[in-house]
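Count residues from 1 along the sequence. Just follow the structure's listing: the first ligand is 1, and inside any ligand the first atom is 1. In this text the structure is predicted, and so the values were computed from the model without any measurement.
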Amino acid sequence: MEYLSTRGNSERVTAAEAISRGLARDGGLYVPDVLPTVSAEELREMCSMPYRKRVERIMRPFLPEFTEEEIEALCSAAYGDNFDDAAIAPVHFTDGRTGYLELWHGPTSAFKDMALQMLPRLLVSSLKKCGEKRGVCILVATSGDTGKAALEGFADVEGTKILVFYPNGGVSDVQRLQMVTQQGANVGVCAVEGNFDDAQTGVKRIFSDAAFAAEIDKRGWFLSSANSINWGRLLPQIAYYFSAYCEFVNSGRIKMGDALDFCVPTGNFGNILAGWIAKRMGLPVGKLICASNANNVLTDFIHTGVYDKRRTFHVTDSPSMDILVSSNLERLLYFMTGDSAKVAGWMAALGSEGHYDVGEELRERIGGDFAAGYCGDAETEGEIARIWREYGYLIDTHTAVASRVLAATRAAGEQSGACCVVSTASAYKFCSAVLAALGEKTDAPGVELIGRLEAVTGVKAPEQLASLAGREVRFDGCTRPEGMPGVVGAFLG
Ligand SMILES: *Cc1c(COP(=O)(O)O)cnc(C)c1O
């Protein structure tokens, strides 16, 4: 298997090169040239495997230049006792046909851990295979969740350093504390005076500064990012769709070979795309239901074939889905058309005009695999309350968007069989909105609300969130945007 860019087929690279580079040179995203298949017999075998083994089986064909032992070691390190549930990605069933795939048992209590516990190790192995001698310094600008998940993933990984910038006053209390108390000898965190855009622009400016790159190269370092366009972040996510299917079979809710629908709270389209790839690999997936919040650009796209980002940006209770440009959609368009010139044209139009139209024929094919829906904050909170009242099960705002969209789809008679709701965060990451949904007061700092939600529900908070208040703050620096290169320079020593 080789990898090529969604915007031009000419250059083929190895898996290690695709992961080392992140973005292709023509600005496209790397995709494998073929998708391997999993037979019914292999799927049956996977049902009796622990999570780690299921990931090994799925990742192996995508990483031809990695040995079995290397892949085994990567999976053991990524999915071990860093998760607080031995099943790693358990499914919580609420009735005879509905289960919630819990992807938040990792160190930061959100689904980004499923990829970011794997990516750093995969990246270091890939760099070694490519003959890279320098150390890699990961720079991240974050609006909250990704920064913490990247810090946890890269903490104390040999040959790496990670520095995270966040907007001063622009992240929640809990998110800030999660970052500034981060352990590890190779990590750094710094606030930026300004908003998320200021932090991100500052990071992008450093990435494109050739003189800066030359200077740190002399000291044995180069810069890289950990964002979700890297193939190494998407790949580990394919495995949990297979795993969820096995759990539905093991529970007796479906028979091997039956179709299973998935409903996925979607932002950048990475999570749901991994589900579509699983389907292409032979997993009996029915419909993939793409659930959005008020930022419903994907709902419109799936219904009309027109992607149009020229619309108001809404700040919602599900902030990790507040996105107007879903970058991983580019990979779906490539896989479905195989036409990199077309994809490049659509992406150019999105950049210059803010919209593109894939046409009726492709829209129909997309509609064959995907359904879509969205809901606002009031419905999201209503759903949290309903699931708590009817099932005694606590869900976060992102999961609630998907849960609500599934309920609406069923009410419309458009979904009737088994469905897996992909649950992307612990309710304790979004205490304020969850408490409000349950009709409770939210008049206290974020860390105090953790205790309040525990008291109200009797559901135990994840240890790493419950213990936040007592942790030592390691990073209290703050810089103006123009000071960011200096912070990176000092960090690299
Ligand atoms: C990142 C994130 C999402 C969106 O996932 P995509 O892969 O970007 O579609 C949903 N929920 C939570 C909690 C997230 O952190």
Q | Residues that Arg410 engages under salt bridge (Lys or Arg N to Asp or Glu O under 4.0 Å), provided they are two or more places apart | A | none
Q: Would you give the length of the straight line joining atom CG of Leu29 to atom CD1 of Ile229, rounded to the nearest 0.5 angstrom?
A: 6.0 Å
**Q.** Proximity of Phe269 to ligand 1 by residue part, where a heavy atom lies under 4.0 Å
**A.** backbone
Q.
I'd like to know whether Ser320 forms a side chain to side chain donor-acceptor pair (under 3.5 Å) with Asp145, so could you lay out the CA-CA distance, the side-chain angles of the two residues, the decisive distance to 0.1 Å, and finally the verdict.
A. CA-CA 7 Å; Ser320 298; Asp145 280 349; 3.0 Å; yes
Q.
So if I count the atoms of ligand 1 from 1 in the order they appear, which ones are less than 4.0 Å from some heavy atom of Thr266?
A. 9 (O)
Q | Close-contact set for ligand 1 against Phe111 heavy atoms, below 4.0 Å | A | 1 (C), 2 (C), 3 (C), 5 (O), 7 (O), 14 (C)
(Q) Please report whether the ring centroid of Tyr307 lies less than 6.0 Å from that of Trp346. (A) no
(Q) Taking Lys429 first and then Asp396, would you say they form a salt bridge - that is, a charged N and a carboxylate O separated by under 4.0 Å? (A) no
Q | Ligand-side contact atoms (ligand 1) for residue partner Gly270, heavy atom cut-off under 4.0 Å | A | 6 (P), 7 (O), 9 (O)
Q) For atom 6 (P) of ligand 1, what's the nearest protein heavy atom and its distance? A) Asn268 N, 3.5 Å
Q) Within the structure, does Gln237 bring an N/O atom to less than 3.5 angstrom of an N/O atom in ligand 1? A) no
Q.
Tell me whether ligand 1 is touched by Pro265 - counting only heavy atoms on the residue side and a distance under 4.0 Å.
A. yes
Q.
For Tyr51 together with Tyr79, are the ring centres under 6.0 Å from each other?
A. yes
Q: Within a distance under 4.0 Å of any heavy atom of Asn271, pick out the atoms of ligand 1 and give their elements.
A: 7 (O)
Q.
Heavy atom to atom 14 (C) of ligand 1, shortest distance: which of Lys112, Arg233, Lys429, His398 holds it?
A. Lys112
Q. Which of parallel (below 30°), tilted (30 to 60°) and perpendicular (above 60°) describes Phe93 and Phe248?
A. perpendicular
Q) What protein heavy atom sits nearest atom 12 (C) of ligand 1, and how far off is it? A) Thr424 OG1, 3.5 Å
Q. Going by the order shown, which atoms of ligand 1 are within less than 4.0 Å of some heavy atom of Ala425?
A. 13 (C)
Q) Take atom NZ in Lys309; do more than 12 heavy atoms of anything else shown fall under 6.0 Å from it? A) yes
(Q) Evaluate Gly267 for polar contact with ligand 1, using N/O atom pairs at a separation under 3.5 Å. (A) yes
Q) Which of the numbered atoms in ligand 1 are below 4.0 angstrom from a heavy atom of Asp145? A) 15 (O)
Q) What class does the angle between the rings of His92 and Tyr393 fall in, given that below 30° is parallel, 30 to 60° is tilted and above 60° is perpendicular? A) parallel
